[in-house]
Amino acid sequence: MRAAYGFDDIRQNQELIHIAEALILEFSEAAIPGRYLVNYFPILRYVPSWFPGAGFKKQFKRIAQMSFKSLYPPFDEAKRDVEDGRKSSHPSMAHSLIDRLPEQSDPSRAGLEEIARSICAVAYLAGAETTVSSATALLYVLASYPEVQTKAQAEIDAVIGTDRLPLVTDRRELPYVHAIVKEVSRWYTVVPLGLAHSNTEDEEYDGYFIPKETIVFQNNWAIMHNPDIFDQPFEFIPERYLKDGKIDTSVPDPDIAAFGHGRRICPGRHFSNDALFLMGASLLATYNITAPKDKEGNVIPMKLELRNPAISKPLPFKCEIRLRPGREHLLQ
Ligand code: HEM
């Protein structure tokens, strides 16, 4: 919300956040390959919504209404902020795009405003839930692999010290933390089958004929868990990206598939990688994250369960997050 619209007050914008969350949830259910009969029998798009098998029409109407609410109110509010001279304490996409719009009287204004509005909404909608899913998986990993956490904290303490939080510009000096972020992207593939693509021409690939306009999904999950590419693919091993204390560029980067492919590849991948690095490094500098314990102090085994296979989101799990001794000042 802050990066897209410059809104600082999370409570004030809770409704917008809830609508966006609900919209992404509905969208990711609708995006499950072959989810609707109409995918197989396109003629069904012409039947009325009360017709058996046409329940998808009601769902899409609901999605369209939520989409409208995500598109207009936040952008209009950002516009009012700019018009009334209210400045956010952080830069945002909406503010910089609105600043650059031509005068109301300019004939191109309406079209450009439409584009700016859509850019902000899609950035928030496509970026928020996906990055939150990765961030949640990162928490799970840190709690489940204490040895990874200890190594990363030792690196941060040695390079950054305890006076400040890590910055994105520290990434080169924090290869182990960088490798953790890469490994989260691989190990927990947020969009396992990518988004549907379609070929504009007849194609032949690896001996298979793919007729024009075939719907093509990419099995990103399988690429990320292919033992020929990543040894012991189901284990969380940041070390696989490291050689001589540096990122080993000969190891395939999970970005080759985690963010899709071709010209529609995720444009938010750098933003998301930066956000995840900052979150991971700041958490590690400040907190210890551990598996939950029962009353007798025994560790309760953790389990990562997922909701929705299209845009995969971890279901809530318990873990303990405690401030590291002597790090209180980092919270101010
Ligand atoms: C962990 C975080 C993220 C993951 C795993 C992810 C993954 C993806 C994937 C798999 C696609 C489909 C690409 C394709 O069609 O091949 C996509 C598209 C897209 N993503 Fe992301 N994404 C993430 C974060 C973000 C962020 C932070 C933003 C914006 C700030 C963003 C904006 C977009 C947009 C606008 C598209 C549509 C691009 C197009 O169709 O031309 N994403 N993303």
Side-chain angles (χ1 to χ4, degrees), residues 23-68 70-71 111 114-115 118-119 121-123 125-127 129-131 133-134 185-230 233-234 252-270 272 306-313:
L23 176 58
I24 286 296
L25 196 66
E26 292 258 8
F27 169 80
S28 41
E29 293 209 349
I32 295 171
R35 167 82 173 72
Y36 303 98
L37 214 52
V38 68
N39 296 138
Y40 304 102
F41 305 106
I43 187 88
L44 281 176
R45 84 179 94 160
Y46 299 111
V47 304
S49 56
W50 51 262
F51 196 78
F56 69 90
K57 287 201 150 179
K58 284 191 193 127
Q59 189 186 357
F60 287 160
K61 197 170 169 191
R62 215 169 43 239
I63 292 179
Q65 283 160 350
M66 283 194 277
S67 190
F68 184 88
S70 299
L71 200 54
E114 178 80 41
I115 293 172
S118 305
I119 289 174
V122 88
L125 292 168
E129 282 290 285
T130 44
T131 308
S133 290
S134 282
S185 236
R186 182 199 69 79
W187 183 82
Y188 182 80
T189 319
V190 177
V191 194
L193 291 179
L195 293 186
H197 284 210
S198 178
N199 47 327
T200 48
E201 301 297 334
D202 287 350
E203 283 288 347
E204 196 175 316
Y205 179 75
D206 213 11
Y208 291 92
F209 174 65
I210 308 171
K212 181 179 169 177
E213 292 177 0
T214 300
I215 293 178
V216 182
F217 284 92
Q218 318 99 55
N219 197 340
N220 297 329
W221 184 90
I223 297 171
M224 295 301 184
H225 293 82
N226 181 346
D228 294 338
I229 305 178
F230 298 105
F234 295 96
D253 191 312
D255 281 10
I256 53 165
F259 293 99
H261 310 264
R263 64 191 166 133
R264 302 301 292 268
I265 192 171
C266 174
R269 60 196 185 283
H270 306 297
S272 173
L306 309 179
R307 181 171 71 184
N308 194 296
I311 299 179
S312 154
K313 185 167 181 182

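Aromatic pair Tyr36/Phe60: ring centres closer than 6.0 Å. The distance between the ring centers of His225 and Phe234 falls below 6.0 angstrom.
Nearest approach of Phe56 to Leu44, heavy atoms of both residues: CZ-O, 3.8 Å. When all heavy atoms of Ile223 and His261 are compared, the closest pair comes out as CD1-CE1, 4.3 Å. A pairwise comparison of heavy atoms in Trp187 and Pro233 identifies CD1-O, 4.2 Å as the closest pair. Ile265 approaches Arg269 most closely through the heavy-atom pair CG2-NH1, 3.6 Å. Contact detail for Ile210 and Tyr205: the closest heavy-atom pair is CD1-CB, 4.1 Å. Residues Ser28 and Leu25 approach most closely at OG-O, 3.1 Å, considering heavy atoms.
A donor-acceptor distance shorter than 3.5 angstrom exists from the side chain of Lys57 to the backbone of Val47, with no hydrogens or angles considered. Under a 3.5 Å cut-off, the side chain of Arg186 and the backbone N or O of Pro254 do not form any donor-acceptor pair. Judged by distance alone, the side chain of Asp253 and the main-chain N or O of Ile256 form no donor-acceptor pair under 3.5 Å. A donor-acceptor contact shorter than 3.5 Å is absent between the side chain of Ser49 and the backbone of Lys58. Looking only at distances, no side-chain donor or acceptor of Asn220 sits under 3.5 Å from a matching main-chain atom of Gly260. At least one donor-acceptor pair under 3.5 Å links the side chain of Asn199 to the backbone N or O of Thr214.
Here Glu129 contributes atom CD and Leu23 contributes atom CG; the two are 10.0 Å apart, rounded to the nearest 0.5 Å. The line from CD of Glu26 to CD of Gln59 is 5.0 Å long, rounded to the nearest 0.5 Å.
For the residue pair Tyr188/Ser312, the side-chain donor-acceptor check at 3.5 Å is satisfied.
Inter-residue side-chain proximity for Leu125 and Ser70 is flagged as met; some heavy-atom pair is nearer than 4.5 Å. Put simply, the side chain of Ser272 reaches to within 4.5 Å of the side chain of Thr131, judged on heavy atoms. Put simply, the side chain of Phe230 reaches to within 4.5 Å of the side chain of Pro252, judged on heavy atoms.
Leu306 CG: more than 12 foreign heavy atoms inside a 6.0 Å radius. Residue Tyr208 qualifies as open at atom OH: its count of foreign heavy atoms under 6.0 Å is 12 or below.
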